[in-house]
Amino acid sequence: MKQQRVCVLGSTGSIGENTLDVIARHPERMSVYALSAYSRIERLVAQAWDTRAQVVVVPDAAARKRFEQLWPAGRKPPEIRVGAQALEQTAADDGATTVMAAIVGAAGLPAALAAARAGKRILLANKEALVAAGGLFMQTVREHGAELLPIDSEHNAIFQCLPQSGQAGAPSEPAKGVRRLLLTASGGPFRTMALDLLSQVTPDQACAHPNWRMGRKISVDSATMLNKGLEVIEAHWLFAMPVQRIQVVIHPQSMVHSMVEYEDGSILAQLGQPDMRTPIAYGLGFPDRIDSGVGLLGLTALGRLDFEEPDLQRFPCLRLSFEALGAGQAACIALNAANEIAVASFLDSKIRFTQIAGVIESSLGRITGCATPSLASLEDVLALDAQTRRVAAEFCLEMA
């Protein structure tokens with residue numbers, strides 16, 4: 001078997017760390033080619049030392065100097081590449097066969113597209129590639145024969161439950177016989193909190209997810225269920241599924257990761273512990289199943305599985321996500337960009353938790369009220385993203 005050489009973009013985040021854990025369990029079939037990090041340079045040094053990565057990518061000259069200072073004596077350091085363009089270069093590098101796209105935010109979009117243009121196996125954990133540029137990204141995957149495997153637990157679960165052809169790509173129509181996709185959501189930490197208390201929620205409370213260990217931004221997105229809304233948009237592009245055939249279901253235990261309903265009434269569900277090594281191992285091993293390091297799931301200890309409809313009054317960001325998908329790509333770009341600005345302001349204690357949705361809705365109104373821009377290129381997408389961020393920042397200042 002030809003060994004996979006993996007480029008892990010965003011290696012010091014939770015997805016990156018879990019990816020390296022799975023790779024280390026299979027030295028006979030995969031190795032690390034490249035790593036990238038933005039701020040956790042000390043951790044990047046440790047990872048590069050442990051994995052013998054050939055390349056690392058850092059954001060600027062100061063980070064490069066810091067890496068060089070921290071590198072232990074006695075072994076040649078990896079090649080150090082600097083800047084956003086280096087990320088794209090590394091994602092398309094002939095030395096890598098597989099790219100884990102795990103950089104959070106719009107910063108990860110150009111590198112994910114570069115990997116698609118280079119025909120790589122892409123393990124997609126970056127939402128923006130599909131939310132902000134779904135049509136462009138999927139077209140690029142198709143044109144260049146790239147493999148695309150979703151790593152978000154929900155989309156990975158759906159992929160596992162769909163009819164399998166042994167291939168991973170960019171479908172142009174829904175899988176035959178599928179009636180609808182059912183995305184599960186934990187409901188986050190405020191699923192049962194009194195509505196009149198939500199305005200007093202603190203950043204630390206919003207980041208305390210009941211089931212998953214995630215970064216602060218993604219944790220807030222889970223608490224507002226904007227994260228699930230972005231996943232609806234992703235599912236639309238990944239599986240060529242109309243928005244009317246995608247449903248969100250609250251499932252507090254987070255053991256059923258998502259489901260696929262077929263025309264004959266059958267529903268296939270993928271269950272597992274809330275551990276990201278499971279979908280990562282599926283992506284790295286596909287079409288084989290490989291050890292992820294995740295232990296047995298004690299179904300008898302679990303005892304019960306609960307499901308309920310999401311409350312759109314409690315979770316207005318989910319409503320806004322469905323509306324944005326219905327309105328088109330420009331609205332999806334605006335939704336994501338405005339949310340990033342609003343969440344950052346909330347985490348800095350500049351706006352309230354309940355004002356996040358207000359910033360997004362106001363920004364969507366401003367952007368979609370203008371003439372629809374051309375979104376034929378990455379530059380068009382990034383320009384609208386930047387415009388929306390400026391608009392959202394203005395609304396945050398007004399609400400502060």
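With sequence neighbours excluded, the residues that form a salt bridge (charged side-chain N to carboxylate O under 4.0 Å, His left out) with K127 are D152, E231, E234. Qualifying ring pair (Phe, Tyr, Trp, His ring centres under 6.0 Å) partners for W71, counting only residues two or more places apart in sequence or in other chains: W49, F67.
Under the 4.5 Å side-chain heavy-atom criterion for grouping Ile, Leu, Val, Met, Phe, Trp and Tyr, I158 is connected to W237 within one hydrophobic cluster. Placement of L109 and I341 in two distinct hydrophobic clusters is found when ILVMFWY residues are connected by side-chain heavy-atom separations under 4.5 Å, directly or transitively. Residue I15 is grouped with residue Y282 when hydrophobic side chains (ILVMFWY) are merged at heavy-atom distances under 4.5 angstrom, including chains of intermediate members. Following chains of ILVMFWY side-chain contacts shorter than 4.5 Å, one cannot reach V55 starting from L35, and the two form parts of different hydrophobic clusters. Residues I103 and L382 do not share a hydrophobic cluster, defined by chaining ILVMFWY side chains whose heavy atoms lie under 4.5 Å apart.
Of the charged side-chain nitrogens involved, none lies within less than 4.0 Å of a carboxylate oxygen, so that R117 and E143 do not count as a salt-bridged pair.
Minimum interatomic distance between S349 and P203 (heavy atoms only, all atoms of both residues): OG-CG, 4.0 Å. Of all heavy-atom pairs between A324 and C332, the closest is O-SG, 3.7 Å. Of all non-hydrogen atoms in R121 and G283, the two that sit nearest each other are NH1-O, 3.2 Å. Residues A331 and A327 share a closest heavy-atom pair of CB-CB, 3.8 Å. Between A235 and L181, the shortest heavy-atom distance links the atoms CB-CD1, 4.3 Å. Closest of all the heavy-atom pairs between R277 and G293 is NH2-O, 3.3 Å.
Using a 4.5 Å heavy-atom cutoff, the side chains of P310 and L318 are in contact. Counting heavy atoms from C-beta outward, V248 and M225 have side chains that approach closer than 4.5 Å. Considering only heavy atoms from C-beta on, S11 stays 4.5 Å or farther from T19 through its side chain. Proximity of I360 to F395: side-chain heavy atoms (C-beta onward) are nowhere separated by under 4.5 Å. Under the 4.5 Å side-chain criterion, counting only non-hydrogen atoms from C-beta, L320 is in contact with L335. Using a 4.5 Å heavy-atom cutoff, the side chains of P150 and L124 are not in contact. Residues E323 and L364 are not in side-chain contact: their nearest non-hydrogen atoms beyond the backbone lie 4.5 Å or more apart. Within the 4.5 Å cutoff, side-chain heavy atoms of V99 are placed close to those of L9.
When hydrophobic residues (I, L, V, M, F, W, Y) are linked wherever their side-chain heavy atoms come within less than 4.5 Å, the members clustered with V256 are L182, V249, M255, M259, I267, L271, L297, L299, L302, L305, F307.
Of the candidates K120, R81, R5, D93 forms a salt bridge (Lys or Arg N to Asp or Glu O under 4.0 Å) with just one, namely R81.
Atom CD of Q69 has more than 12 heavy atoms from other residues, nucleotides or ligands within 6.0 Å. Crowding of D306 atom CG: a count of heavy atoms from other residues, nucleotides or ligands under 6.0 Å exceeding 12. When the shell of 6.0 Å around CD of Q313 is examined, it contains 12 or fewer heavy atoms from other residues, nucleotides or ligands. More than 12 heavy atoms of other residues, nucleotides or ligands shown are found within 6.0 angstrom of OH on Y262. The local environment of CD in E308 is crowded, with over 12 non-hydrogen atoms from other residues, nucleotides or ligands closer than 6.0 Å. No more than 12 heavy atoms of other residues, nucleotides or ligands lie within 6.0 Å of CD in Q85, so this atom counts as exposed by the packing criterion.
Counting only distance, with no hydrogens or angles, the side chain of E361 and the backbone of G358 share no donor-acceptor pair below 3.5 Å. A distance-only check finds no donor-acceptor pair linking the side chain of H251 to the backbone of H257 [under 3.5 Å]. Side-chain atoms of Q329 come within 3.5 Å of backbone atoms of A132 as a donor-acceptor pair (strictly under, hydrogens ignored). Panel note: side chain Q247, backbone L183; no donor-acceptor pair is recorded below 3.5 Å. At least one donor-acceptor pair under 3.5 Å links the side chain of K228 to the backbone N or O of T184. With hydrogens and angles ignored, the 3.5 Å screen pairs no side-chain donor or acceptor of R29 with any backbone N or O of Q3. Side-chain atoms of S362 do not come within 3.5 Å of backbone N or O of V359 as any donor-acceptor pair. At distances below 3.5 Å, at least one donor-acceptor pair connects side-chain atoms of S36 with backbone N or O atoms of G10. Checked by atom type and distance alone, the side chain of R314 pairs as donor or acceptor with a backbone atom of M193 at under 3.5 Å. Put simply, the side chain of Q355 gets close to the backbone of R352: a donor and an acceptor are under 3.5 Å apart.
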Run the side chain to side chain donor-acceptor pair (under 3.5 Å) check on D348 and S345 step by step: do they pass? CA-CA 5 Å; D348 288 341; S345 293; over 6 Å; no
Go through it in stages, so that I can follow the logic: the residues are R366 and E394, the test is salt bridge (charged side-chain N to carboxylate O under 4.0 Å, His left out), and I'd like the CA-CA distance, side-chain angles, deciding distance and then a yes or no. CA-CA 11 Å; R366 176 83 63 84; E394 293 173 6; 3.7 Å; yes
Tell me, with the steps shown, if E261 and V178 meet side-chain contact (heavy atoms from CB on, under 4.5 Å). CA-CA 6 Å; E261 183 177 38; V178 171; over 6 Å; no
Using salt bridge (charged side-chain N to carboxylate O under 4.0 Å, His left out), reason through R66 and D60 one step at a time and then give a plain yes or no. CA-CA 10 Å; R66 178 66 174 157; D60 50 39; over 6 Å; no
Hey, mind stepping through C207 and L347 against side-chain contact (heavy atoms from CB on, under 4.5 Å) and telling me if it holds? CA-CA 9 Å; C207 292; L347 288 172; 3.9 Å; yes
One pair to check against ring-ring contact (aromatic ring centres under 6.0 Å, His included): F315 and F190. What are the steps and the verdict? CA-CA 10 Å; F315 300 114; F190 309 130; 9.0 Å; no
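A distance of 12.0 Å separates CD in Q273 from OG in S254, rounded to the nearest 0.5 Å. Atoms CD1 and CG, on I233 and L238 in that order, are 12.0 Å from each other to the nearest 0.5 Å. Note that CG of D221 is 5.0 Å distant from CG of L226, once rounded to the nearest 0.5 Å. To the nearest 0.5 Å, atom CD1 of residue I351 and atom CZ of residue F346 are 8.0 Å apart. Expressed to the nearest 0.5 Å, how far CD1 of I23 lies from OG of S31 amounts to 8.0 Å. Interatomic distance, T140 OG1 to L378 CG, rounded to the nearest 0.5 Å: 9.5 Å.
Side-chain contact, T97 with Q4: no donor N or O sits under 3.5 Å from an acceptor N or O. Remark: the N156 side chain and the S153 side chain contain no N/O donor-acceptor pair separated by less than 3.5 Å. Using modelled atom types, one finds a donor on one side chain and an acceptor on the other under 3.5 Å when comparing S266 with D264. Using modelled atom types, one finds a donor on one side chain and an acceptor on the other under 3.5 Å when comparing R289 with Q160.
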